[in-house]
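Input: a single structure, listed below in structure tokens.
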Amino acid sequence: MTLMSTRFCVIYVCFCLFTGYTECTNGSKQHPHIIFIMADDLGFNDVGFHGSSQIPTPNIDALAYSGVILNNYYVAPICTPSRSALMTGKYPIHTGMQHTVLYGAEPRGLPLTEVLLPEYLKKLGYTNRIVGKWHLGSWKLEYTPMFRGFESHLGFWTGHHDYNDHTAMETPGWGLDMRRDTNVAWDLHGQYSTDVFTKEAVHLIATHNQSKPLFLYLAHAAVHSGNPYNPLAAPDDIVAKFTNINEYNRRRFAGMLTKLDESVGKVAEALAKAKMLENSIIVFSTDNGGPAAGFNLNAASNWPLRGVKNTLWEGGIRGAGFIWSPLINQSKRVSNQMMHITDWLPTLLAATNEKSSRIPQNIDGINVWTAISDNLASPRTEILHNIDDIYGNAALTIENWKALQGTTYNGEWDNWYGPSGRDENYNTTMVRFSLAGQALQSINKCATEEEMNKIRQEAEIKCEPIQKTPCKPLEEPCLFNIQEDPCEVQNLAKVHPAILKKLLIRLRELNSTVIPPGNLPVDLRADPKYWDYT
């Protein structure tokens, strides 16, 4: 090697180390950083990019407009099933996680035989971090995040906790649920959960060793309700700003959502400061539809969609979500490609340039990376929303048609719930100059205000007036053309019996593959009073 080439190599290595430049190994690009932000119980209509102006979400919106808004994206109807689907790439019916949530005192968890997303990423050299909610089992340590592919965890193991004292009220008792790895994080008592998780996420980004790609799973508590004595906890000074909202609980909810949006902005800002944004994939997703109108002591909005969390109506399963990355070829648009939460595992693996032969085949998720990136037809044409033989309900969508049979809560939450949030002015300047907007501008990737307004109009679901035909799913199955009638107003079961029959046959086929729900009675020995109230 000549003296000149030696000097060049030294300079090049130094450049790579100090800039985080990603093309420093044999001329090939490093795997992208993956930041997966999961909101808890966020409604389809709680984000500005779907048309509501009642509660500004400028940071979330900035990333959404500059990426790809997923308008035909589905999640499971409730927490644990959705998170199991994300982590395994499998429908909850294929892991026994399909029925309701997992309680802290239940002696079960996501089966240890399942290989999880962070375990696949670990084989590719990723550093895996989880911040926030787990909710996939903690009755034995081997079910907790540190034993399932993650290298650190600051957060909680169960389904919810109080945002300030970090305790959870569940059968059979009350106790602290905040962990630093596997240790109880007593020292965080009194600090607002959303701030705690944001601070940790920013710290992990700022101190990340950029010789390895980062997978950061930021699973917020927000905007899930806390304990009954303070279900909608938010800083009073922020809540007081929402003088435009008369309904008290919705005003409290607005404070919680504002802190969540602020968190998204700070994460984007941290990525930009660390020079990681240029080689990142950011996914934002709710885990299920919003609990509206007092459901679960909450005040989300899925308007104009029907139903709430833990129902199989569109309001319970159509998720607010987007993906942002400079790696996407066709961005700044609204995607109507069909996608399910199980698809993230193979899709994110594909986005790392992982060979298709090494993407797991024994899963329900489908790789939609090329479809999303290049705006091509989705390879997915069918989504099983769930089969729950304990509740006695099921729903399936094939192309434009959705069949639904049975329901939850005896049909009490089968209606349409507001607010619509269409009475306020929308501020695209606030979006552009939010923390996330400024981070995007720093790499010349922010949508213009004109683009934002155009994309927002395309992302809003509008239900045209059509003849209402009642659906009584407890009496007989219903059929909807979801493309023409996303608000599920017109039951077409009598008009298209052959289509309904086809979907019901397919449901029976899927039901033959079901692993029975793994739910177990709570173990009274797990009462926190026996464990130092943790």
Side-chain angles (χ1 to χ4, degrees), residues 40-41 74-88 90-114 135-139 143 158-160 170-172 224 287-291 295-296 306-318 340-342 364 383-397 402-415 471-478 488 503-524 526:
D40 200 343
D41 284 5
Y74 288 89
V75 290
I78 199 167
C79 305
T80 299
S82 252
R83 291 161 203 272
S84 71
L86 169 66
M87 287 292 154
T88 64
K90 293 183 179 182
Y91 287 137
I93 65 162
H94 292 148
T95 57
M97 307 297 284
Q98 66 268 45
H99 178 66
T100 192
V101 297
L102 191 155
Y103 294 97
E106 270 189 88
R108 69 172 180 121
L110 185 60
L112 298 178
T113 51
E114 298 297 334
H135 208 194
L136 290 174
S138 55
W139 75 288
Y143 286 87
T158 59
H160 78 282
E170 275 193 5
T171 303
H224 196 294
D287 61 341
N288 46 250
F295 183 94
N296 199 27
R306 187 174 186 176
V308 298
K309 168 184 178 178
N310 207 24
T311 71
L312 293 176
W313 302 103
E314 293 292 288
I317 55 176
R318 189 179 287 217
H340 187 254
I341 192 169
T342 54
D364 301 299
I383 291 178
L384 174 67
H385 300 299
N386 201 25
I387 297 173
D388 190 327
D389 290 331
I390 297 177
Y391 281 148
N393 69 337
L396 171 72
T397 295
K402 177 181 177 183
L404 183 147
Q405 60 183 19
T407 189
T408 48
Y409 309 106
N410 203 33
E412 293 179 16
W413 292 98
D414 287 1
N415 295 308
C471 164
K472 299 179 181 179
L474 290 173
E475 297 178 9
E476 58 184 355
C478 304
E488 297 169 300
L503 267 67
L504 294 179
I505 290 173
R506 178 60 180 149
L507 265 177
R508 285 196 291 271
E509 291 174 353
L510 289 165
N511 204 10
S512 69
T513 69
V514 164
I515 293 176
N519 305 71
L520 293 170
V522 298
D523 189 333
L524 297 180

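As the structure is a computational prediction, the values presented were derived from the model and not from experiment. Values below: every heavy atom of this structure, side chains too, minus hydrogens, waters and symmetry copies.
- Side-chain atoms of D287 come within 3.5 Å of backbone N or O of D41 as a donor-acceptor pair.
- In this structure, the side chain of S82 engages the main chain of A76 through a donor-acceptor pair within 3.5 Å.
- Minimum interatomic distance between G289 and K309 (heavy atoms only, all atoms of both residues): O-CB, 3.3 Å.
- One finds the OH atom of Y143 at 9.0 Å from the CG atom of L110 (value rounded to the nearest 0.5 Å).
- Considering only residues two or more places apart in sequence or on other chains, R508 meets the salt bridge (Lys or Arg N to Asp or Glu O under 4.0 Å) condition with none of them.
- Inter-residue side-chain proximity for I387 and Y91 is flagged as unmet; no heavy-atom pair is nearer than 4.5 Å.
- Annotation: side chain of N393 is not in contact with side chain of P473 (no heavy-atom distance under 4.5 Å).
- A donor-acceptor pair under 3.5 Å links the side-chain atoms of E170 to the main chain of G104, judged by distance alone.
- One distance of note links OG1 of T311 with CG of N386; it measures 11.5 Å at 0.5 Å rounding.
- For F295, the ring-ring contact (aromatic ring centres under 6.0 Å, His included) test picks out Y409, W413, with sequence neighbours left out.
- How far OG1 of T397 is from CG of L503: 7.5 Å, rounded to the nearest 0.5 Å.
- For H385, the ring-ring contact (aromatic ring centres under 6.0 Å, His included) partners are Y74, not counting sequence neighbours.
- When side chains are defined from C-beta on, M97 counts as touching P111, because their heavy atoms get closer than 4.5 Å.
- In this structure a side-chain-to-backbone donor-acceptor pair under 3.5 Å is present from E106 to Y103.
- Looking only at distances, no side-chain donor or acceptor of N310 sits under 3.5 Å from a matching main-chain atom of I78.
- In this structure D389 satisfies the salt bridge (Lys or Arg N to Asp or Glu O under 4.0 Å) test with no other residue, sequence neighbours excluded.
- P77 has its side chain within reach of I317: a pair of non-hydrogen atoms, C-beta onward, lies under 4.5 Å apart.
- With sequence neighbours excluded, no residue forms a ring-ring contact (aromatic ring centres under 6.0 Å, His included) with H94.
- Between T407 and L474, the closest side-chain pair of non-hydrogen atoms falls below 4.5 Å.
- Looking at every heavy atom in both residues, P516 comes nearest to Q98 through C-NE2, 4.1 Å.
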Could you go through I383 and L396, starting from their C-alpha distance and side-chain angles, then the distance that decides it, and tell me whether this counts as side-chain contact (heavy atoms from CB on, under 4.5 Å)?
CA-CA 6 Å; I383 291 178; L396 171 72; 6.0 Å; no
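- Put simply, the side chain of N410 never gets that close to the backbone of E412: no donor and acceptor are under 3.5 Å apart.
- Remark: the backbone N or O of P92 is not paired with any side-chain donor or acceptor of S84 at under 3.5 angstrom.
- Residues G307 and W313 share a closest heavy-atom pair of CA-CB, 3.9 Å.
- The closest side-chain heavy-atom distance from I515 to I93 is not below 4.5 Å.
- Here the closest non-hydrogen pair linking E114 and K90 is OE1-NZ, 3.0 Å.
- Not one N or O on the side chain of Q405 forms a donor-acceptor pair closer than 3.5 Å with the backbone of A394.
- For the pair L384 and H340, the tightest heavy-atom approach, listed with the atom from each and the gap, is O-NE2, 4.1 Å.
- Summarising the geometry of H135 relative to C79, their closest heavy-atom pair is ND1-CB, 3.5 Å, with the distance given to 0.1 Å.
- Annotation: the span from H99 atom NE2 to I390 atom CD1 amounts to 4.0 Å, rounded to 0.5 Å.
- Without hydrogens or angle criteria, E488 side chain to E314 main chain gives a donor-acceptor distance under 3.5 Å.
- The structure places CG of N519 at 8.0 Å from CG of L102, a figure rounded to the nearest 0.5 Å.
- Under the salt bridge (Lys or Arg N to Asp or Glu O under 4.0 Å) criterion, D414 pairs with no residue at all, not counting sequence neighbours.
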